[in-house]
2 protein chains.
Amino acid sequence: MTERLATGPGAIYWHVPNKGALLDAATASVVATAMAVEVTGSPQREIRAIALGLFEAIERHPWLSPQLALRLSRSPWSSVTPRIFESIGQRVSALGVPESTWFTATSALVHYIFGAAGQNAANSQVLGLGVDRAEFLRATANAWEELDPGEFPFLRSIADEARDHDDREQFLTGIDLILTGITGAEPGGSTRP
Amino acid sequence: MTERLATGPGAIYWHVPNKGALLDAATASVVATAMAVEVTGSPQREIRAIALGLFEAIERHPWLSPQLALRLSRSPWSSVTPRIFESIGQRVSALGVPESTWFTATSALVHYIFGAAGQNAANSQVLGLGVDRAEFLRATANAWEELDPGEFPFLRSIADEARDHDDREQFLTGIDLILTGITGAEPGGSTRP
DNA sequence: ACCTGAACACCGTTCAAGT
DNA sequence: ACCTGAACACCGTTCAAGT
């Protein structure tokens, strides 16, 4: 086990059956506090707030990313992921769209959150100690601009944009995109919460 | 190493420096063939086809899921993920939306694909040998219907829908949702490719 | 009731020795 | 040039023995 805080290696096995169960407990705890933020406003704003809370929790605890996927598939009735689904789904149902679209719309939001947050967490881990974020973005953008114009016209065209984008902001704009798709119209309210 | 096909354990290290490099090579190969499918039609239809190709590749090779996230963050200029970005991005730019939205729109699509496909891969792995899919869905839906009505009204309301949904179909509807959000209108064409 | 610590299984990696 | 196989490091887990 990675953490042996002033105990023998076998000590934890008195309290917990195995590493998976320990991660489950940690996951439940982290996600619970991440979703405990009181949110009020339009459904859209509330969804953005919940999404951002999860995004940041996963950024702080990168091991959450595979963990959430596993828990969702292994026991979709156990506490953690159902709460996420429920929390977002309640706001989706408050958007005033037909009930037949709720399940798919909520799934899309949750999958997007997990995907984007997982990617962000991987980025943060790679950066973490050593590389600077701005430096990294600059290097990436430069590399994209050097690519073959015939094969990679798109990457070249967005290199400038990538150079100084903000991950949180881009994440939330992605949420807005999906919300627009769900309601089939403008998500309403300002662009930023 | 997991696969010791009729060789000594140290044999691979002559050809490849470590396990990561081996996975990188496998990733490149799998993704290349997954995206080699010739697609023609509206940008929307092409995006759906590419997305589904990746979805199915990740379903067949669940180890791709963490692998793609890592590769994207560790070396965003190396071959695999840039190709995915480029391929989808070209179609996004063909949608006729302002260039300033391309980067975020493409990121949203890619993150959604990775998130949904990763979840699906985890599901498939858990099922794989043993549990039947229909049986699993039924059990999940039943469990959701048993939940406390005060705390989980949403999960109870979608339990029926969840019981007999198709993962591929739901995935593609999610793509359509994002495409609608990107164009700010109907994605056009039929619902299914 | 809870912790210790030696021991085991498993797996990624190294490397001197073989062909 | 390429493979073998003993050896090592690392980590999750077990368990008899301690307090």
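Throughout, protein chains are lettered first and strands after them, A, B, ... in sequence-line order, and every chain is numbered starting at 1. Everything numeric in this text was worked out from a predicted model, so none of it was measured.
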Separation between CD of B:Glu169 and CG of B:Leu52, rounded to the nearest 0.5 Å: 11.5 Å

Rounded interatomic separation in angstrom, taking CD1 from B:Ile12 and P from C:dT14: 11 Å

Proximity to the side chain of A:Pro9 - top-ranked nucleotide from C:dA6, C:dT4, C:dG12: C:dA6

Residue whose nearest DNA chain C nucleotide is more 5′ - A:Gly10 or A:Trp14: A:Trp14

N-O pairing of B:Arg156 and A:Glu86 below 4.0 Å: no

Side-chain ion pair, A:Arg168 and A:Glu59, N-O less than 4.0 Å: yes

Nucleotide nearest B:Ala11 (side chain, heavy atoms from C-beta), chosen from C:dT13, C:dT4, D:dC3: D:dC3

A:Lys19 NZ - C:dC10 C1' separation (whole Å): 14 Å

Distance in angstrom units between B:His15 NE2 and D:dC3 P, rounded: 4 Å

Aromatic ring proximity A:Phe171/A:Tyr112, centre distance under 6.0 Å: yes

A:Ser79 and A:Arg83: side chain donor to acceptor below 3.5 Å: no

For atom CG of B:Leu23 and atom C1' of C:dC11, their distance in whole Å: 14 Å

Pairing stems for DNA chain C [at least three consecutive pairs; Watson-Crick or G-U; under 3.5 angstrom]: C:4-8 with D:12-16, C:12-16 with D:4-8

Any A:Tyr13 side-chain nitrogen or oxygen under 4.0 Å from OP1 or OP2 of D:dT14: no

A:Gln170 side chain to A:Asp166 side chain, donor-acceptor N/O pair below 3.5 angstrom: no

